[in-house]
Amino acid sequence: QNKRLLIFVDYAETRRDDLLALFAACGDQRVGKQIRIVLLSRFDGEWRQNLLSKTQATWVRVEGHLREIPISPLTLDQTERHAIAVEARDIFAGAMRDGAKPVEIGDLSEDHFQAVLYVLIAAFHASRGLVISAREELLDELIIRETRMWTEHERVSAYNLQASDMEPAGAMLTLLGQTKLSELADLLFMFPEKSQRPNITKALADFLSASDDKKRAPEDMIGGLAPDIVGERIVARSVQRDPAFLDDALSQNLSEDQLVNAMAILGRAAIDAPELLDRIEHTLGQQFERLALPTMIAAINSNAEFGGLLTKLMAENPDPDIAASLSQHIPNQTLSLREFAVDVTLIMRTHLQALITADPSEGLSAEFARVSNNLSNRLDDLGRPEEALEAIKEAEAIYRELATAQPDTFHPDLAMSLNNLSGSLGNLGRQEEALAAVEESMSIYRDLAAARPDAFLPDLAMSLNNLSNHLDA
(Lines give C-alpha, C1' and ligand atoms only; values in the text may rest on other atoms or scores of the structure.)
Protein backbone atom coordinates (compact mmCIF):
# COMPACT_ATOMS: atom_id res chain seq x y z
CA GLN A 1 0.00 0.00 0.00
CA ASN A 2 1.09 3.56 -0.80
CA LYS A 3 4.15 2.27 -2.65
CA ARG A 4 5.45 3.97 -5.74
CA LEU A 5 6.56 1.99 -8.76
CA LEU A 6 8.60 3.34 -11.68
CA ILE A 7 8.91 1.16 -14.80
CA PHE A 8 11.06 1.92 -17.84
CA VAL A 9 10.30 0.23 -21.17
CA ASP A 10 12.85 0.69 -23.95
CA TYR A 11 11.91 0.40 -27.65
CA ALA A 12 8.29 0.78 -26.63
CA GLU A 13 7.20 1.17 -30.25
CA THR A 14 8.07 -2.50 -30.92
CA ARG A 15 6.60 -4.01 -27.75
CA ARG A 16 2.85 -3.49 -28.00
CA ASP A 17 1.82 -6.92 -26.69
CA ASP A 18 4.22 -6.67 -23.75
CA LEU A 19 2.88 -3.21 -22.94
CA LEU A 20 -0.74 -4.31 -23.12
CA ALA A 21 0.04 -7.12 -20.69
CA LEU A 22 1.90 -4.69 -18.42
CA PHE A 23 -0.95 -2.18 -18.48
CA ALA A 24 -3.47 -4.91 -17.70
CA ALA A 25 -1.37 -6.04 -14.72
CA CYS A 26 -1.02 -2.47 -13.46
CA GLY A 27 -4.74 -1.93 -13.91
CA ASP A 28 -5.41 -4.81 -11.55
CA GLN A 29 -3.43 -3.19 -8.73
CA ARG A 30 -5.46 -1.81 -5.83
CA VAL A 31 -5.86 1.90 -5.21
CA GLY A 32 -2.87 3.22 -3.28
CA LYS A 33 -0.06 2.02 -5.52
CA GLN A 34 1.26 4.89 -7.61
CA ILE A 35 2.63 3.65 -10.92
CA ARG A 36 4.53 5.62 -13.51
CA ILE A 37 5.62 3.92 -16.74
CA VAL A 38 8.24 5.63 -18.88
CA LEU A 39 8.11 4.59 -22.54
CA LEU A 40 11.32 5.17 -24.48
CA SER A 41 11.14 4.98 -28.27
CA ARG A 42 13.16 5.77 -31.36
CA PHE A 43 10.12 6.60 -33.47
CA ASP A 44 7.23 8.91 -32.59
CA GLY A 45 4.64 7.37 -34.88
CA GLU A 46 1.03 6.36 -34.49
CA TRP A 47 1.96 3.34 -32.34
CA ARG A 48 1.54 5.56 -29.29
CA GLN A 49 -2.01 6.69 -30.12
CA ASN A 50 -3.06 3.12 -30.95
CA LEU A 51 -1.58 1.85 -27.71
CA LEU A 52 -3.30 4.48 -25.60
CA SER A 53 -6.67 3.87 -27.25
CA LYS A 54 -6.40 0.16 -26.40
CA THR A 55 -5.47 0.74 -22.76
CA GLN A 56 -7.73 3.53 -21.54
CA ALA A 57 -10.48 1.07 -20.63
CA THR A 58 -8.07 -0.90 -18.45
CA TRP A 59 -6.83 2.11 -16.56
CA VAL A 60 -10.16 3.68 -15.69
CA ARG A 61 -10.38 1.01 -12.96
CA VAL A 62 -7.47 2.73 -11.25
CA GLU A 63 -7.95 5.89 -9.23
CA GLY A 64 -7.09 8.59 -11.73
CA HIS A 65 -7.11 7.94 -15.44
CA LEU A 66 -4.18 7.05 -17.64
CA ARG A 67 -2.38 10.30 -18.39
CA GLU A 68 0.16 10.83 -21.13
CA ILE A 69 3.09 13.10 -20.28
CA PRO A 70 5.21 13.64 -23.42
CA ILE A 71 8.96 13.90 -22.82
CA SER A 72 10.98 15.86 -25.37
CA PRO A 73 14.03 14.24 -26.98
CA LEU A 74 17.21 14.73 -24.98
CA THR A 75 19.48 17.20 -26.78
CA LEU A 76 22.93 18.59 -26.02
CA ASP A 77 24.25 22.06 -26.75
CA GLN A 78 27.73 22.59 -28.22
CA THR A 79 29.43 23.13 -24.88
CA GLU A 80 27.93 19.98 -23.37
CA ARG A 81 28.86 17.92 -26.42
CA HIS A 82 32.47 19.01 -26.34
CA ALA A 83 32.85 18.45 -22.58
CA ILE A 84 31.40 14.95 -22.81
CA ALA A 85 33.57 14.11 -25.81
CA VAL A 86 36.81 15.25 -24.16
CA GLU A 87 36.09 13.25 -21.01
CA ALA A 88 35.09 10.17 -22.99
CA ARG A 89 38.14 10.39 -25.30
CA ASP A 90 40.48 10.43 -22.31
CA ILE A 91 38.70 7.47 -20.70
CA PHE A 92 38.88 5.46 -23.94
CA ALA A 93 42.56 6.30 -24.41
CA GLY A 94 43.38 5.24 -20.85
CA ALA A 95 41.50 1.97 -21.18
CA MET A 96 42.94 0.91 -24.57
CA ARG A 97 46.66 1.40 -23.81
CA ASP A 98 47.71 0.34 -27.29
CA GLY A 99 49.95 3.25 -28.19
CA ALA A 100 47.37 5.15 -30.26
CA LYS A 101 47.81 8.91 -29.94
CA PRO A 102 44.60 10.80 -29.12
CA VAL A 103 43.78 13.94 -31.11
CA GLU A 104 41.63 16.99 -30.48
CA ILE A 105 37.87 16.59 -30.73
CA GLY A 106 36.54 17.69 -34.12
CA ASP A 107 33.42 19.62 -35.11
CA LEU A 108 30.34 18.41 -33.20
CA SER A 109 27.83 20.89 -34.65
CA GLU A 110 25.94 18.51 -36.98
CA ASP A 111 22.44 17.49 -35.95
CA HIS A 112 23.26 13.86 -35.24
CA PHE A 113 25.46 14.96 -32.35
CA GLN A 114 22.31 15.94 -30.47
CA ALA A 115 22.31 12.24 -29.56
CA VAL A 116 25.01 11.53 -26.99
CA LEU A 117 25.84 8.17 -28.58
CA TYR A 118 27.30 9.89 -31.64
CA VAL A 119 29.32 12.16 -29.37
CA LEU A 120 30.78 9.08 -27.68
CA ILE A 121 31.57 7.41 -31.01
CA ALA A 122 33.41 10.55 -32.17
CA ALA A 123 35.28 10.55 -28.85
CA PHE A 124 36.29 6.91 -29.34
CA HIS A 125 37.68 7.66 -32.80
CA ALA A 126 39.54 10.68 -31.43
CA SER A 127 41.15 8.36 -28.85
CA ARG A 128 42.38 6.30 -31.82
CA GLY A 129 43.81 9.37 -33.57
CA LEU A 130 40.92 9.95 -35.99
CA VAL A 131 38.81 13.08 -36.44
CA ILE A 132 35.44 12.14 -37.93
CA SER A 133 32.20 14.14 -37.97
CA ALA A 134 29.97 12.72 -40.72
CA ARG A 135 27.32 10.33 -39.37
CA GLU A 136 27.91 7.49 -41.82
CA GLU A 137 31.69 7.73 -41.53
CA LEU A 138 31.46 7.57 -37.73
CA LEU A 139 29.54 4.30 -37.94
CA ASP A 140 31.48 2.84 -40.88
CA GLU A 141 34.84 3.28 -39.17
CA LEU A 142 33.44 1.58 -36.07
CA ILE A 143 32.15 -1.32 -38.18
CA ILE A 144 35.50 -1.69 -39.98
CA ARG A 145 37.27 -1.89 -36.64
CA GLU A 146 34.70 -4.36 -35.28
CA THR A 147 34.89 -6.69 -38.26
CA ARG A 148 38.69 -6.63 -38.12
CA MET A 149 38.49 -7.68 -34.47
CA TRP A 150 36.07 -10.47 -35.41
CA THR A 151 38.33 -11.87 -38.09
CA GLU A 152 41.39 -11.67 -35.83
CA HIS A 153 39.64 -13.32 -32.90
CA GLU A 154 41.38 -16.64 -32.17
CA ARG A 155 38.20 -18.72 -32.45
CA VAL A 156 37.12 -17.07 -35.70
CA SER A 157 40.51 -16.75 -37.41
CA ALA A 158 40.78 -20.54 -37.71
CA TYR A 159 38.18 -20.37 -40.48
CA ASN A 160 40.12 -17.80 -42.54
CA LEU A 161 37.11 -15.52 -42.73
CA GLN A 162 37.30 -12.04 -44.21
CA ALA A 163 35.48 -8.87 -43.24
CA SER A 164 33.31 -9.41 -46.32
CA ASP A 165 32.08 -12.63 -44.64
CA MET A 166 31.54 -11.12 -41.23
CA GLU A 167 29.57 -7.99 -42.12
CA PRO A 168 26.60 -9.90 -43.60
CA ALA A 169 26.75 -12.26 -40.62
CA GLY A 170 26.47 -9.28 -38.28
CA ALA A 171 23.65 -7.88 -40.41
CA MET A 172 21.77 -11.18 -40.22
CA LEU A 173 22.20 -11.32 -36.43
CA THR A 174 20.75 -7.82 -36.21
CA LEU A 175 17.78 -8.61 -38.45
CA LEU A 176 16.95 -11.72 -36.44
CA GLY A 177 17.08 -10.15 -32.98
CA GLN A 178 17.18 -12.59 -30.07
CA THR A 179 17.72 -16.07 -31.52
CA LYS A 180 18.56 -19.45 -30.02
CA LEU A 181 22.14 -20.51 -30.67
CA SER A 182 20.86 -23.89 -31.86
CA GLU A 183 18.79 -22.21 -34.59
CA LEU A 184 21.31 -19.67 -35.76
CA ALA A 185 23.65 -21.92 -37.75
CA ASP A 186 20.92 -22.82 -40.25
CA LEU A 187 20.19 -19.13 -40.87
CA LEU A 188 23.73 -17.93 -41.64
CA PHE A 189 23.34 -18.46 -45.38
CA MET A 190 26.43 -16.35 -46.15
CA PHE A 191 28.65 -19.27 -45.12
CA PRO A 192 28.24 -21.81 -47.95
CA GLU A 193 30.01 -24.61 -46.05
CA LYS A 194 27.21 -25.78 -43.78
CA SER A 195 29.44 -28.09 -41.76
CA GLN A 196 31.41 -25.05 -40.56
CA ARG A 197 28.38 -23.01 -39.51
CA PRO A 198 27.90 -24.44 -35.97
CA ASN A 199 31.52 -23.72 -35.05
CA ILE A 200 31.46 -20.27 -36.65
CA THR A 201 28.20 -19.53 -34.85
CA LYS A 202 29.65 -20.50 -31.49
CA ALA A 203 32.79 -18.46 -32.09
CA LEU A 204 30.71 -15.42 -33.00
CA ALA A 205 28.50 -15.87 -29.96
CA ASP A 206 31.51 -16.12 -27.64
CA PHE A 207 33.09 -13.06 -29.18
CA LEU A 208 29.97 -10.92 -29.13
CA SER A 209 29.32 -11.79 -25.49
CA ALA A 210 32.98 -11.25 -24.53
CA SER A 211 32.82 -14.60 -22.77
CA ASP A 212 35.43 -17.01 -24.15
CA ASP A 213 35.32 -19.24 -21.10
CA LYS A 214 31.59 -19.74 -20.81
CA LYS A 215 30.21 -23.03 -22.04
CA ARG A 216 27.27 -22.04 -24.16
CA ALA A 217 24.19 -24.23 -24.39
CA PRO A 218 22.14 -24.72 -27.57
CA GLU A 219 19.22 -22.92 -25.92
CA ASP A 220 21.29 -19.83 -25.14
CA MET A 221 20.13 -16.68 -26.92
CA ILE A 222 22.25 -14.39 -29.05
CA GLY A 223 21.15 -10.94 -30.11
CA GLY A 224 21.99 -8.40 -32.79
CA LEU A 225 24.81 -5.89 -32.79
CA ALA A 226 24.78 -3.17 -30.18
CA PRO A 227 24.39 -0.25 -30.05
CA ASP A 228 21.39 -0.40 -32.36
CA ILE A 229 22.52 2.36 -34.72
CA VAL A 230 25.64 0.28 -35.49
CA GLY A 231 23.50 -2.78 -36.17
CA GLU A 232 21.23 -0.78 -38.46
CA ARG A 233 24.20 0.66 -40.32
CA ILE A 234 25.76 -2.77 -40.91
CA VAL A 235 22.39 -3.93 -42.27
CA ALA A 236 22.32 -0.93 -44.63
CA ARG A 237 25.89 -1.64 -45.80
CA SER A 238 25.09 -5.29 -46.48
CA VAL A 239 21.91 -4.45 -48.41
CA GLN A 240 23.69 -1.78 -50.47
CA ARG A 241 26.70 -3.97 -51.30
CA ASP A 242 24.90 -7.16 -52.25
CA PRO A 243 21.59 -6.86 -54.16
CA ALA A 244 20.73 -10.47 -53.24
CA PHE A 245 21.42 -10.12 -49.50
CA LEU A 246 17.96 -9.01 -48.42
CA ASP A 247 16.16 -11.55 -50.63
CA ASP A 248 18.35 -14.31 -49.19
CA ALA A 249 18.09 -13.12 -45.59
CA LEU A 250 14.29 -12.87 -45.52
CA SER A 251 13.72 -16.08 -47.48
CA GLN A 252 15.23 -18.13 -44.64
CA ASN A 253 12.97 -20.12 -42.32
CA LEU A 254 12.27 -17.19 -39.99
CA SER A 255 9.62 -17.04 -37.29
CA GLU A 256 6.91 -14.38 -37.29
CA ASP A 257 8.71 -12.54 -34.47
CA GLN A 258 11.97 -12.60 -36.42
CA LEU A 259 10.26 -11.20 -39.53
CA VAL A 260 8.65 -8.43 -37.46
CA ASN A 261 12.04 -7.60 -35.93
CA ALA A 262 13.72 -7.64 -39.35
CA MET A 263 11.22 -5.22 -40.89
CA ALA A 264 11.47 -2.92 -37.85
CA ILE A 265 15.27 -2.84 -38.23
CA LEU A 266 14.95 -2.17 -41.97
CA GLY A 267 12.43 0.58 -41.28
CA ARG A 268 14.78 2.37 -38.90
CA ALA A 269 17.78 1.83 -41.19
CA ALA A 270 15.86 3.32 -44.14
CA ILE A 271 15.14 6.54 -42.24
CA ASP A 272 18.86 7.36 -42.32
CA ALA A 273 19.47 5.60 -45.66
CA PRO A 274 16.31 6.15 -47.77
CA GLU A 275 18.05 4.59 -50.77
CA LEU A 276 17.32 1.23 -49.11
CA LEU A 277 13.61 1.60 -49.89
CA ASP A 278 14.04 0.42 -53.50
CA ARG A 279 15.73 -2.78 -52.35
CA ILE A 280 13.15 -3.32 -49.60
CA GLU A 281 10.37 -2.82 -52.15
CA HIS A 282 11.92 -5.47 -54.42
CA THR A 283 12.18 -8.04 -51.63
CA LEU A 284 8.69 -7.23 -50.37
CA GLY A 285 7.33 -7.70 -53.87
CA GLN A 286 9.02 -11.09 -54.17
CA GLN A 287 7.61 -12.31 -50.84
CA PHE A 288 4.54 -10.12 -50.43
CA GLU A 289 2.15 -12.58 -48.80
CA ARG A 290 4.75 -13.54 -46.20
CA LEU A 291 6.19 -10.09 -45.50
CA ALA A 292 3.14 -7.82 -45.81
CA LEU A 293 1.98 -8.11 -42.19
CA PRO A 294 5.46 -7.53 -40.63
CA THR A 295 5.82 -4.56 -42.99
CA MET A 296 2.46 -3.16 -41.84
CA ILE A 297 3.65 -3.37 -38.24
CA ALA A 298 6.88 -1.61 -39.20
CA ALA A 299 4.94 1.13 -40.99
CA ILE A 300 3.16 1.91 -37.72
CA ASN A 301 6.14 1.39 -35.42
CA SER A 302 9.25 2.54 -37.25
CA ASN A 303 8.86 3.98 -40.77
CA ALA A 304 5.66 5.38 -42.26
CA GLU A 305 7.20 5.18 -45.76
CA PHE A 306 6.48 1.45 -45.66
CA GLY A 307 2.79 2.28 -46.03
CA GLY A 308 3.49 3.62 -49.51
CA LEU A 309 5.40 0.47 -50.48
CA LEU A 310 2.49 -1.69 -49.37
CA THR A 311 -0.03 0.42 -51.30
CA LYS A 312 2.01 0.19 -54.50
CA LEU A 313 2.58 -3.56 -54.26
CA MET A 314 -1.02 -4.34 -53.28
CA ALA A 315 -2.17 -2.54 -56.43
CA GLU A 316 0.20 -4.70 -58.49
CA ASN A 317 -1.09 -7.90 -56.88
CA PRO A 318 -4.77 -7.37 -55.90
CA ASP A 319 -5.27 -10.79 -54.32
CA PRO A 320 -8.60 -10.77 -52.41
CA ASP A 321 -7.51 -13.51 -49.99
CA ILE A 322 -4.37 -11.59 -49.02
CA ALA A 323 -6.40 -8.39 -48.76
CA ALA A 324 -8.97 -10.02 -46.46
CA SER A 325 -6.23 -11.43 -44.23
CA LEU A 326 -4.37 -8.12 -43.95
CA SER A 327 -7.51 -6.06 -43.37
CA GLN A 328 -7.98 -7.72 -39.99
CA HIS A 329 -4.72 -6.19 -38.75
CA ILE A 330 -5.12 -2.58 -39.94
CA PRO A 331 -5.94 -0.27 -37.01
CA ASN A 332 -9.24 1.60 -37.14
CA GLN A 333 -7.35 4.88 -36.96
CA THR A 334 -4.12 5.02 -38.97
CA LEU A 335 -2.12 7.59 -40.90
CA SER A 336 0.71 5.49 -42.29
CA LEU A 337 -1.66 2.82 -43.65
CA ARG A 338 -4.71 4.89 -44.59
CA GLU A 339 -4.23 4.66 -48.38
CA PHE A 340 -3.34 0.99 -48.08
CA ALA A 341 -6.48 0.43 -45.99
CA VAL A 342 -8.67 1.93 -48.72
CA ASP A 343 -7.06 -0.21 -51.45
CA VAL A 344 -7.32 -3.40 -49.40
CA THR A 345 -11.00 -2.75 -48.67
CA LEU A 346 -11.74 -1.92 -52.31
CA ILE A 347 -10.16 -5.21 -53.41
CA MET A 348 -12.32 -7.13 -50.96
CA ARG A 349 -15.45 -5.25 -52.06
CA THR A 350 -14.81 -5.84 -55.77
CA HIS A 351 -14.30 -9.54 -55.14
CA LEU A 352 -17.53 -9.78 -53.12
CA GLN A 353 -19.43 -7.95 -55.85
CA ALA A 354 -18.35 -10.63 -58.35
CA LEU A 355 -19.36 -13.42 -55.96
CA ILE A 356 -22.78 -11.88 -55.37
CA THR A 357 -23.39 -11.69 -59.11
CA ALA A 358 -23.02 -15.47 -59.25
CA ASP A 359 -24.63 -16.21 -55.87
CA PRO A 360 -26.79 -13.42 -54.35
CA SER A 361 -27.00 -15.08 -50.92
CA GLU A 362 -27.84 -13.36 -47.65
CA GLY A 363 -24.43 -14.11 -46.19
CA LEU A 364 -22.52 -12.56 -49.09
CA SER A 365 -24.84 -9.53 -49.10
CA ALA A 366 -24.25 -8.97 -45.38
CA GLU A 367 -20.49 -9.25 -45.86
CA PHE A 368 -20.63 -6.81 -48.78
CA ALA A 369 -22.52 -4.33 -46.61
CA ARG A 370 -19.98 -4.73 -43.79
CA VAL A 371 -17.05 -4.14 -46.14
CA SER A 372 -18.83 -1.15 -47.73
CA ASN A 373 -19.35 0.36 -44.28
CA ASN A 374 -15.65 -0.10 -43.52
CA LEU A 375 -14.73 1.38 -46.89
CA SER A 376 -16.80 4.46 -46.10
CA ASN A 377 -14.88 4.97 -42.86
CA ARG A 378 -11.53 4.50 -44.63
CA LEU A 379 -12.47 6.96 -47.39
CA ASP A 380 -13.51 9.53 -44.79
CA ASP A 381 -10.11 9.14 -43.12
CA LEU A 382 -8.46 9.75 -46.49
CA GLY A 383 -10.45 12.95 -47.11
CA ARG A 384 -12.73 11.58 -49.84
CA PRO A 385 -16.18 12.36 -48.36
CA GLU A 386 -18.24 12.03 -51.55
CA GLU A 387 -16.99 8.49 -52.18
CA ALA A 388 -17.43 7.71 -48.49
CA LEU A 389 -21.09 8.75 -48.72
CA GLU A 390 -21.73 6.51 -51.75
CA ALA A 391 -20.22 3.51 -49.95
CA ILE A 392 -22.24 3.98 -46.74
CA LYS A 393 -25.47 4.57 -48.69
CA GLU A 394 -24.96 1.22 -50.38
CA ALA A 395 -24.30 -0.48 -47.04
CA GLU A 396 -27.38 1.11 -45.46
CA ALA A 397 -29.61 0.03 -48.37
CA ILE A 398 -28.46 -3.59 -48.10
CA TYR A 399 -28.86 -3.68 -44.30
CA ARG A 400 -32.35 -2.18 -44.64
CA GLU A 401 -33.38 -4.94 -47.04
CA LEU A 402 -31.86 -7.64 -44.83
CA ALA A 403 -33.49 -6.16 -41.69
CA THR A 404 -36.89 -6.26 -43.37
CA ALA A 405 -36.55 -10.02 -43.76
CA GLN A 406 -34.72 -10.69 -40.46
CA PRO A 407 -35.12 -7.76 -38.06
CA ASP A 408 -33.66 -9.51 -34.99
CA THR A 409 -30.45 -10.30 -36.86
CA PHE A 410 -29.89 -7.14 -38.89
CA HIS A 411 -31.53 -4.24 -37.03
CA PRO A 412 -28.29 -3.54 -35.09
CA ASP A 413 -26.36 -3.36 -38.38
CA LEU A 414 -28.98 -1.07 -39.90
CA ALA A 415 -28.79 1.26 -36.89
CA MET A 416 -25.01 1.33 -37.12
CA SER A 417 -25.04 2.09 -40.85
CA LEU A 418 -27.62 4.87 -40.35
CA ASN A 419 -25.44 6.41 -37.67
CA ASN A 420 -22.45 6.34 -40.04
CA LEU A 421 -24.61 7.67 -42.88
CA SER A 422 -25.53 10.65 -40.74
CA GLY A 423 -21.86 11.37 -40.20
CA SER A 424 -21.07 11.24 -43.93
CA LEU A 425 -24.01 13.50 -44.74
CA GLY A 426 -22.96 15.93 -42.03
CA ASN A 427 -19.40 16.04 -43.42
CA LEU A 428 -20.85 17.29 -46.69
CA GLY A 429 -23.06 19.91 -45.02
CA ARG A 430 -26.34 18.05 -45.63
CA GLN A 431 -27.57 18.58 -42.08
CA GLU A 432 -31.29 17.89 -42.57
CA GLU A 433 -30.62 14.49 -44.16
CA ALA A 434 -27.98 13.77 -41.50
CA LEU A 435 -30.50 14.59 -38.76
CA ALA A 436 -33.11 12.27 -40.28
CA ALA A 437 -30.61 9.40 -40.48
CA VAL A 438 -29.40 9.75 -36.88
CA GLU A 439 -32.99 10.04 -35.60
CA GLU A 440 -33.87 6.75 -37.28
CA SER A 441 -30.69 5.18 -35.87
CA MET A 442 -31.59 6.44 -32.38
CA SER A 443 -35.12 5.05 -32.68
CA ILE A 444 -33.83 1.57 -33.57
CA TYR A 445 -31.23 1.64 -30.79
CA ARG A 446 -33.91 2.73 -28.30
CA ASP A 447 -35.98 -0.37 -29.14
CA LEU A 448 -32.89 -2.61 -28.99
CA ALA A 449 -31.80 -1.14 -25.64
CA ALA A 450 -35.25 -1.68 -24.17
CA ALA A 451 -34.96 -5.40 -24.94
CA ARG A 452 -31.22 -5.81 -24.23
CA PRO A 453 -29.93 -2.85 -22.21
CA ASP A 454 -26.50 -4.34 -21.44
CA ALA A 455 -25.77 -4.82 -25.14
CA PHE A 456 -27.26 -1.67 -26.65
CA LEU A 457 -27.38 1.16 -24.10
CA PRO A 458 -23.86 2.31 -25.10
CA ASP A 459 -24.95 2.46 -28.75
CA LEU A 460 -28.07 4.40 -27.79
CA ALA A 461 -25.92 6.86 -25.86
CA MET A 462 -23.64 7.27 -28.89
CA SER A 463 -26.59 7.96 -31.21
CA LEU A 464 -28.04 10.49 -28.75
CA ASN A 465 -24.69 12.25 -28.63
CA ASN A 466 -24.55 12.34 -32.43
CA LEU A 467 -28.12 13.66 -32.52
CA SER A 468 -27.12 16.46 -30.19
CA ASN A 469 -24.15 17.34 -32.42
CA HIS A 470 -26.37 17.54 -35.50
CA LEU A 471 -28.93 19.70 -33.70
CA ASP A 472 -26.16 22.10 -32.72
CA ALA A 473 -24.78 22.26 -36.27
Side-chain angles (χ1 to χ4, degrees), residues 320-321 323-325 327-328 330 332 341-342 344-382 384-473:
D321 292 331
S325 175
S327 71
Q328 301 174 45
I330 302 176
N332 291 331
V342 166
V344 163
T345 313
L346 277 170
I347 290 168
M348 294 170 60
R349 190 169 181 262
T350 301
H351 177 63
L352 285 166
Q353 185 103 56
L355 293 177
I356 289 172
T357 301
D359 175 23
S361 66
E362 178 187 280
L364 286 175
S365 295
E367 180 63 8
F368 183 83
R370 183 190 70 82
V371 172
S372 295
N373 179 79
N374 291 346
L375 176 61
S376 176
N377 293 333
R378 298 299 189 186
L379 288 165
D380 257 337
D381 291 341
L382 202 55
R384 292 158 61 176
E386 292 86 359
E387 295 170 82
L389 177 60
E390 290 306 310
I392 192 59
K393 284 170 69 176
E394 193 159 6
E396 181 265 342
I398 293 172
Y399 279 135
R400 187 178 295 280
E401 183 177 340
L402 292 170
T404 300
Q406 294 194 53
D408 290 345
T409 301
F410 290 107
H411 258 148
D413 296 314
L414 175 59
M416 175 268 299
S417 65
L418 283 164
N419 185 73
N420 292 345
L421 175 61
S422 74
S424 287
L425 289 165
N427 289 340
L428 291 170
R430 295 163 61 174
Q431 294 301 332
E432 290 186 8
E433 295 169 88
L435 185 59
V438 78
E439 285 177 337
E440 185 178 359
S441 172
M442 180 196 65
S443 176
I444 296 172
Y445 276 134
R446 193 182 297 280
D447 291 340
L448 292 169
R452 296 174 58 193
D454 290 346
F456 292 108
L457 272 178
D459 294 314
L460 175 59
M462 173 195 65
S463 65
L464 287 166
N465 181 70
N466 291 341
L467 174 62
S468 173
N469 292 336
H470 287 300
L471 289 170
D472 286 341

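Remember, it's a predicted structure, so these values are computed and weren't measured experimentally. FYI, the numbering just counts along the sequence from 1.
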inquiry  = How long is the straight-line distance from CG of Asn373 back to CD of Glu394, given to the nearest 0.5 Å?
reply    = 12.0 Å

inquiry  = Any non-hydrogen side-chain atom of Arg378 less than 4.5 Å from a side-chain atom of Ile330?
reply    = yes

task = Calculate, to the nearest 0.5 Å, the distance between atoms OG and CD1 belonging to Ser372 and Ile392 respectively.
result = 8.0 Å

message = Just so I know, are the side chains of His411 and Phe456 near enough to count as touching, which here means a heavy-atom distance under 4.5 Å?
response = no

remark   = Separation between CG (Leu382) and CG (Asn377), nearest 0.5 Å, reads 12.5 Å

remark   = Closest non-hydrogen atoms of Ser424 and Asp380, given as atom of the first, atom of the second and distance, are OG-OD2, 3.6 Å

ask   = Looking only at atom types and distance, does a side-chain atom of Ser468 sit under 3.5 Å from a main-chain N or O of Leu464, one as donor and one as acceptor?
value = no

ask   = What pair of heavy atoms forms the shortest contact from Ile398 to Ala369, and how long is it?
value = CG2-CB, 3.8 Å

query = Could you give the distance from CG (Asn466) to CG (Leu435), rounded to the nearest 0.5 Å?
reply = 11.5 Å

query = What's the spacing between Arg349 CZ and Asn374 CG if we round to 0.5 Å?
reply = 11.0 Å

query = Between Ala366 and Phe410, what is the shortest heavy-atom contact and its length?
reply = CB-CE2, 3.8 Å

key: Basic-acidic side-chain contact under 4.0 Å: Glu396, Lys393   = no

message = Could you tell me if the side chain of Leu421 sits less than 4.5 Å from the side chain of Leu389, heavy atoms only?
response = yes

message = Is the shortest side-chain heavy-atom distance between Thr409 and Leu402 below 4.5 Å?
response = no

Summary of salt bridge (charged side-chain N to carboxylate O under 4.0 Å, His left out) pairs that have at least one residue in residues 428-438, sequence neighbours excluded = Arg430-Glu433

key: Nearest heavy-atom neighbours spanning Pro458 and Pro453   = CD-O, 4.3 Å

inquiry  = Quick test of your reading: applying side-chain hydrogen bond (donor to acceptor under 3.5 Å, both in side chains), list the pairs with at least one residue in residues 439-465, sequence neighbours left out, ordered by first then second residue.
reply    = Arg400-Glu440

Side-chain polar contacts of residues 350-358 - donor-acceptor pairs under 3.5 angstrom, sequence neighbours left out - could you list them?
| residue | atom | partner | partner atom | Å |
| --- | --- | --- | --- | --- |
| Thr350 | OG1 | Leu346 | O | 2.9 |
| Thr357 | OG1 | Gln353 | O | 3.0 |

ask   = For the residue pair Val344 and Ala323, what are the closest heavy atoms and their distance?
value = CG1-O, 3.1 Å

Between CG on residue Leu414 and CD on residue Glu401, distance to nearest 0.5 Å = 12.0 Å

task = List the atom of His470, the atom of Ala434, and the distance in Å for their closest heavy-atom pair.
result = CE1-CB, 3.6 Å

